[in-house]
2 protein chains.
Amino acid sequence: MNKPLYQTAYDEILKLIAEGTFPPGSILPNEFEIGKRLNVSQGTARKALSLLEQKGVVQRRQGKGTFVTLRTPEDSLFNFYPLRDDQGQQVIPDLENESVTKRKATKAEQEILHDAPQEVFVISRYRTLNGSPLTLEESIVPAPLFPGLPERAPLPNAMYVLFQHAYACVIISAVEQLRAEILGEEKAGPHGLDPTSPVLVGRRESLDLLDRVVEIRTNIYFTTEAHYSAKLE
Amino acid sequence: MNKPLYQTAYDEILKLIAEGTFPPGSILPNEFEIGKRLNVSQGTARKALSLLEQKGVVQRRQGKGTFVTLRTPEDSLFNFYPLRDDQGQQVIPDLENESVTKRKATKAEQEILHDAPQEVFVISRYRTLNGSPLTLEESIVPAPLFPGLPERAPLPNAMYVLFQHAYACVIISAVEQLRAEILGEEKAGPHGLDPTSPVLVGRRESLDLLDRVVEIRTNIYFTTEAHYSAKLE
DNA sequence: GAGTGGTCTAGACCACTTT
DNA sequence: AAGTGGTCTAGACCACTCC
């Protein structure tokens, strides 16, 4: 029942990245060097690196090297942002409103989130596109994982970039459960929206490098100006 | 600018599968045999086969062999069916109503569908779950690709299985554009549904082995009994 | 030209399935 | 025991990037 060597190598490298030995944007040693350090051949090190690339943890460039994935405001402003316009282009929304508060975690949240935190931060945002409502987002993250988060307000547009830089927390996958609902008075009121609007409600759990759930998010999408793009498998 | 050998090998094998030389469910020659036939080493044949497996075209089993992917009513009744219940399990709906008609293709359909067909089949279905409405589906496929389709009614539950068996057309990927809408009188009427229901409307294009668009589908999902599960990247 | 990842080969051995 | 895919190694050469 031994793990394959390349799996062990994969885990070792991932651990070094998660620990901050190789921070986002930094370059990894070359294949031969990694193989030497982990006592495996270049081919095996290569396989581990290819798996890491497939997972999105690193990026490899012929002639340059292997780099730990860096989410920058420029090239990944809206990673995990599924909204597209009719031409299939990602839309660039405007942030209208934001709030960050701290509160006790519910039992349900403790069960799902990494480390069962006592307290969570709740980040609420309202975004528009061309003056029309686009999304209402409520993100719940463990407070212990992101000390001082409220003091950083206003948060950058792309929150995951902040997570990565300030807290060495790299989000690499997320699943979302979607339902169609009517917006309702409670959600519509604060921003003066039409409570009878049909909206797409997404409940998301986001996983970091080590497959820990570091965010529970509820997104309300208004799909008049944009649509939600999903790939089926 | 030469293609890598493994890419050529991949294309060759895919072509043989698409042509029916290796029909779904059949076994492929082993790695050494394929390498010999295509004048590449076993390692290169292996890489091509691994890519095919990644794409979902073949399935490999240690000790058994490499098999062309076979969608059976049992194990993939609802491939590309994104609806799940609250436990994350795929739901098994009941088919209430079905119709298959032929009509002229619109210009928009011709532009999107493979081979710009003059005529298309329109397959409409209504499904329920536990007595509640679940989906209204309208599938548009090129008539020339599926001769005699209407005579095969009632169609099996899983249409893609039929496509594969009777027409050697294997669907391997699909993208869907989602919006939240109100059902409306026109769609609600025929089945006596509540026209004020909020519904999730998905417009899907399905691709086959050779990346040809062989289906345009509009799905209306009722998300009271189930939700739509999406994976973000 | 030196260094990197990408391709390709040849061969060895392991793990699983079937006969 | 025979046959398959899975792992691992060692070495060669190619293509790209940077100095």
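Computation of the quantities below employed the complete heavy-atom set of this structure, encompassing side-chain atoms and omitting hydrogens, waters and symmetry-equivalent molecules. Every chain is numbered from 1, with letters handed out A, B, ... down the list of sequences.
- Distances shorter than 4.0 Å separate none of the side-chain N or O atoms of K64(A) from OP1 or OP2 on dG5(C).
- Of all heavy-atom pairs between V91(B) and R84(B), the closest is CG1-C, 3.9 Å.
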Could you tabulate the donor-acceptor pairs under 3.5 Å formed by side-chain atoms of residues 6-28 of chain A, not counting sequence neighbours?
residue	atom	partner	partner atom	Å
T8(A)	OG1	P4(A)	O	3.2
D11(A)	OD2	K3(A)	NZ	2.8
S26(A)	OG	P23(A)	O	2.6

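- Summarising the geometry of A230(B) relative to A230(A), their closest heavy-atom pair is CB-CB, 4.5 Å, with the distance given to 0.1 Å.
- If you check residues 21-52 of chain B against DNA chain D, the residues with a heavy atom closer than 4.0 Å are N30(B), E31(B), R46(B), listed by number.
- DNA chain D is contacted by R60(B), R61(B), Q62(B), G63(B) of residues 54-63 of chain B, taking any non-hydrogen atom closer than 4.0 Å.
- For F222(A), the ring-ring contact (aromatic ring centres under 6.0 Å, His included) test picks out no residue, with sequence neighbours left out.
- The phosphate of dC8(D) has neither OP1 nor OP2 within less than 4.0 Å of any side-chain N or O from Y6(A).
- Residues meeting the side chain to side chain contact (heavy atoms under 4.5 Å, CB included) test with D211(A), sequence neighbours left out: K55(A), L207(A).
- Here the closest heavy-atom approach between residue R179(A) and residue T223(B) is recorded as NH1-O, 2.7 Å.
- Between L5(A) atom CG and dA10(D) atom P there is a gap of 12 Å when expressed in whole angstrom units.
- Side-chain atoms of D115(A) do not come within 3.5 Å of backbone N or O of P117(A) as any donor-acceptor pair.
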Enumerate donor-acceptor pairs with a distance under 3.5 Å from any side-chain N or O in residues 138-156 of chain A to protein atoms, sequence neighbours excluded.
residue	atom	partner	partner atom	Å
S139(A)	OG	E215(A)	OE2	2.6
R152(A)	NE	Y167(A)	OH	3.2

